[in-house]
Amino acid sequence: MFKDTVNFFYDLIIHRLKTRRDILSKKNSSQTLTFENLSSYIDSSGIEVSYDIAMIKHVFGKKIYKNKNPYLIPDSCLSYLTNRLGFDNEYQLLWEDIEKDENIHFIFLCLLKECFWDKNEMRELLNHVLTDYIPYAKESPLFDMILFPSKYKMKKISKTDMYVPLYFYGVSEDEVIEQFSLCLDDAIEFLFKKCHKDFKKIFINFIKEHGTSLKKINKKLEDFVNNELKQLLLQYSPKEDSLGLRVKNIMISDWFSRIDLVMALFDNRSLDDKLLFEMKLYNNSMNYVKDLEDLQKKLIGGFSN
């Protein structure tokens with residue numbers, strides 16, 4: 001769980017360690033400190049302190065072993081490297097530049113995508129919150145139709161248990177899947193622009209509370225997601241006046257309900273008054289969706305200026 005997010009933490013930590021090693025090397029007017037150099041030093045009391053050189057190599061090389069260093073840096077190694085490389089404390093070694101905007105931004109994107117794909121209990125909430133972004137509101141029902149056709153009580157092909165596929169609507173499932181992935185990324189970006197200050201606040205508080213060790217970092221992140229992040233997302237749920245929510249409702253009511261029209265066109269049957277009405281309703285609805293999407297683009301542009 002949260003493999004990509006934790007991996008980003010590790011990358012930042014290793015970069016921090018290597019940077020501090022280079023600083024010490026220049027300070028001592030020597031070549032880059034070797035792992036042998038790093039594995040021992042004389043402390044302020046004149047006592048030689050040493051540590052397992054193999055473990056130091058594992059940390060710098062991001063080599064993770066379940067029975068040795070399942071969270072990259074064991075606490076004993078963290079304490080040693082903090083003193084050896086001249087960090088003020090363990091927190092500085094682990095999280096010194098975590099508050100930078102680009103780091104908070106990446107963590108948000110990574111964490112939410114992992115919640116969406118890997119955490120079923122959060123997916124529905126995220127799906128609802130991200131619906132505020134119109135391109136996502138348009139694509140998510142089509143994506144659901146592929147994976148969960150019973151969700152919207154889709155019609156089945158006559159005399160079979162098979163749901164009518166998107167092919168009959170003139171839509172490629174491969175294109176929907178590709179487009180949905182892009183819209184998901186953009187929708188998360190859209191949400192970040194609205195809540196980045198609030199997210200940064202709760203995430204930094206989380207780090208300050210749990211930031212002196214990487215032990216069970218995945219479990220700590222899961223608790224953060226289930227509590228602080230969940231509460232934050234609920235605050236940004238789309239309201240009744242959400243443009244995206246309107247679009248999703250149109251997609252479900254008008255787009256999906258036109259299956260009789262689609263099948264008639266597919267069979268080259270003549271259209272009765274009811275089907276002609278459905279065609280006109282659908283065309284007008286899609287024009288309205290396009291107008292709403294253009295309006296939201298203008299609103300986004302206005303907020304960013």
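Just so you know, these numbers use all the heavy atoms, side chains as well, and skip hydrogens, waters and symmetry mates. This one's a predicted model, so the numbers in the text were calculated from it and none came from an experiment.
Using a distance-only test at 3.5 Å, with no hydrogens or angles considered, no donor-acceptor pair links the side chain of N69 to the main chain of I73. Looking at S79, its side chain never comes within 3.5 Å of a backbone N or O of S76 through a donor-acceptor pair. The backbone N or O of E178 lies less than 3.5 Å from no partner atom in the side chain of S181, so there is not a single donor-acceptor pair. In this structure, the side chain of S213 engages the main chain of K215 through a donor-acceptor pair within 3.5 Å. Judged by distance alone, with hydrogens and angles left aside, the side-chain atoms of H196 form a donor-acceptor pair with the main-chain N or O of K193 at under 3.5 Å. Between the N287 side chain and the N283 main chain, a donor and an acceptor come within less than 3.5 Å of each other. Between the side chain of W95 and the main chain of I207, no donor-acceptor pair closer than 3.5 Å is present. A donor-acceptor contact shorter than 3.5 Å links the side chain of R123 to the backbone of W117.
At least one side-chain heavy atom of N89 sits less than 4.5 Å from a side-chain heavy atom of Q92. Looking at heavy atoms from C-beta onward, N83 lies out of side-chain contact with D43 at the 4.5 angstrom threshold. The shortest side-chain heavy-atom distance between E228 and D223 does not fall under the 4.5 Å cut-off. Considering only heavy atoms from C-beta on, E278 comes within 4.5 Å of L275 through its side chain. N127 has its side chain within reach of D144: a pair of non-hydrogen atoms, C-beta onward, lies under 4.5 Å apart. Between V6 and Y71, every side-chain heavy-atom pair lies at or beyond the 4.5 Å cut-off. Residues L38 and L85 form a side-chain contact, since some pair of their non-hydrogen atoms from C-beta on lies under 4.5 Å apart. Annotation: side chain of I47 is not in contact with side chain of I42 (no heavy-atom distance under 4.5 Å).
F8 pairs in a ring pair (Phe, Tyr, Trp, His ring centres under 6.0 Å) with only one of the listed residues (F108, F106, F2), which is F106. Residue Y136 is tested with I188, L184, D186, L182 for a side-chain contact (heavy atoms from CB on, under 4.5 Å); the sole match is L184. Tested against H105, the residues E189, K100, K200 include a single side-chain hydrogen bond (donor to acceptor under 3.5 Å, both in side chains) partner, E189.
Atom NZ of K3 sits about 9.5 Å away from atom CD of E114, to the nearest 0.5 Å. Distance check: L214 CG to F9 CZ gives 9.0 Å after rounding to the nearest 0.5 Å. One finds the CD atom of E139 at 5.0 Å from the SG atom of C183 (value rounded to the nearest 0.5 Å). With values rounded to the nearest 0.5 angstrom, S253 atom OG is found 9.5 Å from M251 atom CE. Summarising the geometry, atom OH belonging to Y236 is positioned 8.0 Å from atom CG belonging to L191; distances are rounded to the nearest 0.5 Å. To the nearest 0.5 Å, the span separating CG on D272 from CG on L276 amounts to 7.0 Å.
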Would you check, one step at a time, whether the test side chain to side chain contact (heavy atoms under 4.5 Å, CB included) holds for Y41 with E48? CA-CA 6 Å; Y41 69 100; E48 181 176 2; over 6 Å; no
Could you go through V225 and K230, starting from their C-alpha distance and side-chain angles, then the distance that decides it, and tell me whether this counts as side chain to side chain contact (heavy atoms under 4.5 Å, CB included)? CA-CA 6 Å; V225 166; K230 182 177 180 180; over 6 Å; no
Go through the steps for Y80 and S50 under the test side-chain hydrogen bond (donor to acceptor under 3.5 Å, both in side chains), then give the verdict. CA-CA 8 Å; Y80 175 81; S50 61; over 6 Å; no
From CA spacing to verdict: side chain to side chain contact (heavy atoms under 4.5 Å, CB included), R246, Y288: CA-CA 10 Å; R246 294 185 192 184; Y288 179 53; 3.5 Å; yes
Let me see the working for S40 and V49 under side chain to side chain contact (heavy atoms under 4.5 Å, CB included), right down to the final yes or no. CA-CA 5 Å; S40 65; V49 182; over 6 Å; no
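In this structure, F190 and Y133 have tilted ring planes: the angle between them lies in the 30° to 60° band. Ring geometry for F143 versus F180: interplanar angle under 30°, hence parallel rather than tilted (30 to 60°). Ring orientation note: the planes of F203 and F199 are close to parallel, at an angle under 30° on the 30°/60° scale.
Side-chain contact of S25 with D22: a donor-acceptor pair under 3.5 Å is absent, judged by distance alone. No side-chain donor-acceptor contact under 3.5 Å links E175 and Q179.
Linking Ile, Leu, Val, Met, Phe, Trp and Tyr residues whenever their side-chain heavy atoms come within less than 4.5 Å places L130 and L147 in a single cluster. A single hydrophobic cluster is not seen to contain both V247 and L245; linkage of ILVMFWY side chains at heavy-atom distances under 4.5 Å, directly or through other members, places them apart. By the rule that hydrophobic residues join a cluster once side-chain heavy atoms approach within less than 4.5 Å of another member, L33 and I23 end up as members of separate clusters.
Applying the 6.0 Å contact sphere to NZ of K63 captures no more than 12 heavy atoms from other residues, nucleotides or ligands. A 6.0 Å sphere centred on CZ of F35 holds more than 12 heavy atoms belonging to other residues, nucleotides or ligands. Residue E36 places its CD atom among 12 or fewer non-hydrogen atoms of other residues, nucleotides or ligands, all under 6.0 Å distant.
K239 and D132 are not joined by a salt bridge, as no carboxylate oxygen comes within less than 4.0 angstrom of a charged side-chain nitrogen. Contact check on D294 versus K290 returns a salt bridge, with a Lys/Arg side-chain nitrogen under 4.0 Å from an Asp/Glu carboxylate oxygen. Under the 4.0 Å criterion applied to side-chain N and carboxylate O atoms, D11 and K62 are assigned as salt-bridge partners. Note on R16 versus D97: salt bridge recorded, some NZ/NE/NH1/NH2 to OD/OE distance being below 4.0 Å. Contact check on K138 versus E293 returns a salt bridge, with a Lys/Arg side-chain nitrogen under 4.0 Å from an Asp/Glu carboxylate oxygen.
The shortest non-hydrogen separation linking L94 to I13 is O-CG1, 3.5 Å. Between V59 and C77, the shortest heavy-atom distance links the atoms CG2-SG, 4.0 Å. Summarising the geometry of P74 relative to L72, their closest heavy-atom pair is CD-O, 3.5 Å, with the distance given to 0.1 Å. Of all the heavy atoms in Q296 and P135, the pair that sits closest is OE1-CD, 4.1 Å. Smallest separation of non-hydrogen atoms from N37 and R84: O-NH2, 3.0 Å. Nearest heavy-atom pair across D198 and L232 is CB-CD1, 3.5 Å.
Cation-pi geometry between R20 and F87 is met: the NZ or CZ atom falls under 6.0 Å from the ring centre, inside 45° of the normal.
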